[in-house]
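Worth saying up front: this structure is predicted, and the values here are computed from it rather than measured. In what follows, chains carry the letters A, B, and so on, assigned in the order in which the sequence lines appear, proteins first and then strands, with residues in each chain numbered from 1.
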Amino acid sequence: MSSGTPSSGAPRYRFAPSPTGFFHVGGARTALYNWALAKKSGGTFVLRIEDTDEARNRPEWTEGIVDALEWIGISRDDATFEGPYFQSEYASEHVAAAERLYREGHAYYCDLTSEQIQERSKASGKPGYDGYSRDRGLEAGPGRVLRFRVPPGVTVVDDLVRGRVEFQNDTIEDFVLLRGNGSPMFLLANVVDDVSMRITHVVRAEEHLPNTPKQQLLWEALGHTPPTWAHVPVLVNEQRKKLSKRRDKVALEQYRAEGYLADAMVNYLMTLGWAPQGETEIVPWSQIQAQFRLEDVNHSPAFFDLKKLAAFNGEYIRAMSIDDFVEACAPWLHGDAVPWSADSFDPAVFRALAELVQTRIVTLSEVPALVDFMFLESPTLDPVAWDKTFASPESTSMLRSARDAYGASDWHAESLKTATENCGTALGLKLGKAQAPVRVAVTGRTVGPPLFEALELLGRDDVLRRLDAALQRLN
RNA sequence: GCCCCCAUCGUCUAGUGGCCUAGGACACCACCCUUUCAAGGUGGCGGCACGGGUUCGAAUCCCGUUGGGGGUGCCA
């Protein structure tokens, strides 16, 4: 680590999440910002996963972040991965930096306990630490914390998103650098890591803005020019509160598991706080990357709207070729969660139905419920659908006459439709009404893919068997 | 309490002093299409928080008010 500014060379954007067991959608958006900027500038995306006590025992948390990033297109081969850094094997570097600050007069030791600080604060009526030990000349010692000596004046944070933000230094208390046990605080470690990794751009959520003057002061005291800051607005829920794990569905992994497409998620995330040029917001990543600028990012928090995400996902699903769609469905058609047995699944049948399924879903997880009747011995009857449909006597008559007509009909969707129409006409039913009993008898539900195509695929034997079973049930 | 940020349809946004009678998207409503449900098509509803300035002219600039949010640990 040398002093001076290594401002020459390509920019280095760091993304520094702390592992918490899941990857936050807000974090995903920030990562995407860093990624887009790094790529378009020919710079580097540096992933530095912060270490925590809890995460140290759970390496899968860290792995989860890398996985999630890869899912949204931030490939592990194309990013610089560093970490976990903070507080582990690099702690000595952090302590050394702190001691240097002490030697050079930028920091001092203090022996006040937090109780004593609270008492003093209460007595004076001013919140926080009052700088009691600034000039007491204390040496290092057990139980003594090292505090930063905040200089007088004003700290100006030049922010690419917010512009110029001024902080009066006398509103910043002398914050702790080293704890009483000598271990470094996060804030210090963070800055030292940024310095030693030659980070030039820090793009992160707005919630960190109030801490920025402290970090900038540290950069300067350490003899370096601070990085370019950019604080992007947070994502909020319907109550306009920052998205939280307890209340909101924030795990990126969860959206993946529910059948959201990475491209749709990425596109949607990028429309929060920013908009691509042109009349449509559904745009490929290449265009986003080319157009994205921090200067254009909004200043106000954005509501993470599940409905709009769903709409995006539906659009992306419909835009897929049949081959791609069939392939994307694969994980949802096999495995333990699927209601049918593995050997009764027929890929050719699914393939024939795929086009009809594609316009009817918002997430891939909805696929099985639309096609299950094709692969089950007998359909799973929805009791509500059954009762509703067969409440009227003509439904039974319709079913009976359809059964006879199908027995004699050509087995093609068009002929089956005509046959059904004719049966309906005889009973005074339009096709919409006429097909309902058949649909429920064959598929178990009132809604689903177009019926006659499905009947053709199922085959005469299977269909007649199901109609008979339904008729029997009605007796 | 103190510090900081924010403010265009319900929501996400376009808008950088005249092109704004404020544009698009999601949601919602209606109609068309239709074998259910979707998809698709057409149309509709709906907004510059408020009050003062500056200016020939303000959604856009300034000030204030109100309302939101965030930060304030020997947490990360």
**OP:** Check every strand shown and say whether A/G143 touches a base, only sugar-phosphate, or nothing at a heavy-atom separation below 4.0 Å.
**Re:** base
**OP:** For nucleotides B/U34 and B/A39, find the distance between their C1' atoms and express it as a whole number of Å.
**Re:** 11 Å
**OP:** For A/L112, answer base if it contacts any base atom (sugar-phosphate contacts may also be present), sugar-phosphate if it contacts only those atoms, and nothing otherwise; contact means non-hydrogen atoms under 4.0 Å.
**Re:** base
**OP:** Under 4.0 Å between any heavy atoms, over every strand shown, what does A/F167 touch: base, sugar-phosphate, or nothing? Just pick one.
**Re:** sugar-phosphate
Is there any protein nitrogen or oxygen under 3.5 Å from a nitrogen or oxygen in nucleotides 68-72 of chain B, and what are the pairs?
unit_1, atom_1, unit_2, atom_2, d
B/G71, OP1, A/K242, NZ, 3.0

**OP:** Indicate, with yes or no, if the rings of A/F304 and A/Y268 have centres closer together than 6.0 Å.
**Re:** yes
Original post:
Who does B/C26 pair with, Watson-Crick or G-U, both distances under 3.5 Å?
Top reply: B/G10
**OP:** Decide whether A/S183 and A/R179 meet the rule of one side-chain donor and one side-chain acceptor closer than 3.5 Å.
**Re:** yes
**OP:** Taking only Lys NZ, Arg NE, NH1 and NH2, and the carboxylate oxygens of Asp or Glu, determine whether A/R164 and A/E166 approach each other closer than 4.0 Å.
**Re:** yes
Original post:
How long is the line joining CG of A/D174 and P of B/C3, in whole Å?
Top reply: 18 Å
Original post:
Would A/R147 count as a cation-pi partner of A/Y109, with NZ or CZ less than 6.0 Å from the six-membered ring centre and within 45° of the ring normal?
Top reply: no
Subject >> Atom P, compared across B/C29 and B/G68: separation rounded to whole Å >> reply: 30 Å
Original post:
Taking CG from A/L451 and C1' from B/U35, how many angstroms apart are they, rounded to a whole number?
Top reply: 7 Å
Original post:
Nearest to the side chain of A/S300 - B/C4, B/C6, B/C74?
Top reply: B/C6
**OP:** Between B/C19 and B/A59, how far apart are the P atoms? Round to whole Å, please.
**Re:** 9 Å
**OP:** Give A/A302 one of three labels, base, sugar-phosphate or nothing, depending on what nucleic acid heavy atoms sit under 4.0 Å from its own.
**Re:** sugar-phosphate
**OP:** Identify the nucleotide, in any strand shown, that forms a Watson-Crick or G-U wobble pair with B/U55, with both distances under 3.5 Å; if there is none, say none.
**Re:** none
Original post:
For residues A/E50 and A/N190, is any side-chain donor paired with an opposing acceptor at under 3.5 Å?
Top reply: yes
Subject >> Between A/T363 and A/E366: side-chain donor-acceptor atoms closer than 3.5 Å >> reply: yes
Original post:
If only side-chain N and O atoms of A/R360 are considered, is one of them under 4.0 Å from the OP1 or OP2 phosphate oxygen of B/U36?
Top reply: no
Original post:
Are A/K242 and A/D248 close enough for a salt bridge, meaning some N to O gap below 4.0 Å?
Top reply: no
**OP:** Go ahead and name the base partner of B/A39; Watson-Crick or wobble counts if both distances stay under 3.5 Å, otherwise write none.
**Re:** none
Subject >> Distance between C1' atoms of B/A7 and B/A49 (Å, rounded) >> reply: 7 Å
Original post:
With rounding to whole Å, what would you report as the distance between B/U54 and B/U16 at their P atoms?
Top reply: 24 Å
Original post:
What is the ring orientation for A/W386 with A/F390, classed by angle as parallel under 30°, tilted 30 to 60°, or perpendicular over 60°?
Top reply: tilted
Subject >> Interatomic distance, A/E238 CD vs B/C12 P [rounded to whole Å] >> reply: 12 Å
Original post:
Does A/R318 pair with A/E355 as a salt bridge, N-O distance under 4.0 Å?
Top reply: no
Original post:
In whole angstrom, what separates A/N181's CG from B/C74's C1'?
Top reply: 8 Å
**OP:** Round to a whole Å and report the spacing from CG of A/L399 to P of B/U35.
**Re:** 20 Å
Original post:
If you measure from the C1' atom in B/A14 to the same atom in B/A25, how many Å do you get, rounded?
Top reply: 11 Å
Subject >> B/G51 to B/U66 separation - P atoms, rounded to the nearest Å >> reply: 15 Å
**OP:** Can you tell me, in whole Å, how much space there is between the C1' of B/G46 and that of B/C12?
**Re:** 15 Å
**OP:** Could you state the atom-to-atom distance from CD of A/Q435 to P of B/U35 in whole Å?
**Re:** 9 Å
Original post:
Does the side chain of A/R136 come under 3.5 Å of the side chain of A/S133 through a donor N or O and an acceptor N or O?
Top reply: yes
Original post:
Which of these nucleotides, B/C3, B/A38, B/C5, is closest to any side-chain atom of A/R162?
Top reply: B/C5
**OP:** Under 4.0 Å between any heavy atoms, over every strand shown, what does A/V176 touch: base, sugar-phosphate, or nothing? Just pick one.
**Re:** sugar-phosphate
Original post:
A/M185 has a side chain; which of B/C74, B/C6, B/U35 sits nearest to it?
Top reply: B/C74
**OP:** Name the nucleic acid region contacted by A/R144, choosing base, sugar-phosphate or nothing; use a 4.0 angstrom heavy-atom cut-off, strictly under.
**Re:** nothing
**OP:** Mind checking A/P213 for me? I need base, sugar-phosphate or nothing, with any heavy atom below 4.0 Å counting as a touch.
**Re:** nothing
**OP:** Using only heavy-atom distances, determine whether the side chains of A/Q216 and A/W229 contain a donor-acceptor pair under 3.5 Å.
**Re:** yes
**OP:** Just compare B/C74, B/C12, B/A14 and give me whichever is closest to any side-chain atom of A/A275.
**Re:** B/A14
Short N/O separations, protein against nucleotides 21-31 of chain B, under 3.5 angstrom:
unit_1, atom_1, unit_2, atom_2, d
B/G24, O2', A/E279, O, 3.1
B/A25, O2', A/E281, OE2, 2.6
B/A25, N3, A/K308, NZ, 3.2

Original post:
RNA chain B: A/R164 or A/E414, which has the more 5' nearest nucleotide?
Top reply: A/R164
Original post:
Whole Å only: how far is the CZ atom of A/F452 from the P atom of B/U35?
Top reply: 9 Å
Original post:
Do the side chains of A/L269 and A/Y33 get nearer than 4.5 Å, heavy atoms only?
Top reply: no
**OP:** Under a 3.5 Å limit for both distances, which nucleotide forms a Watson-Crick or G-U wobble pair with B/G1, could you say?
**Re:** B/U72
Subject >> Minimum-distance nucleotide (side-chain atoms of A/R179 versus B/A76, B/U36, B/C12) >> reply: B/A76
Original post:
What does A/S18 touch in the nucleic acid at a heavy-atom separation under 4.0 angstrom: a base, only the sugar-phosphate, or nothing?
Top reply: sugar-phosphate
Original post:
To the nearest Å, how far apart are A/H299 NE2 and B/U60 P?
Top reply: 15 Å
Original post:
Between A/Y108 and A/Y102, is the gap from one ring center to the other below 6.0 Å?
Top reply: no
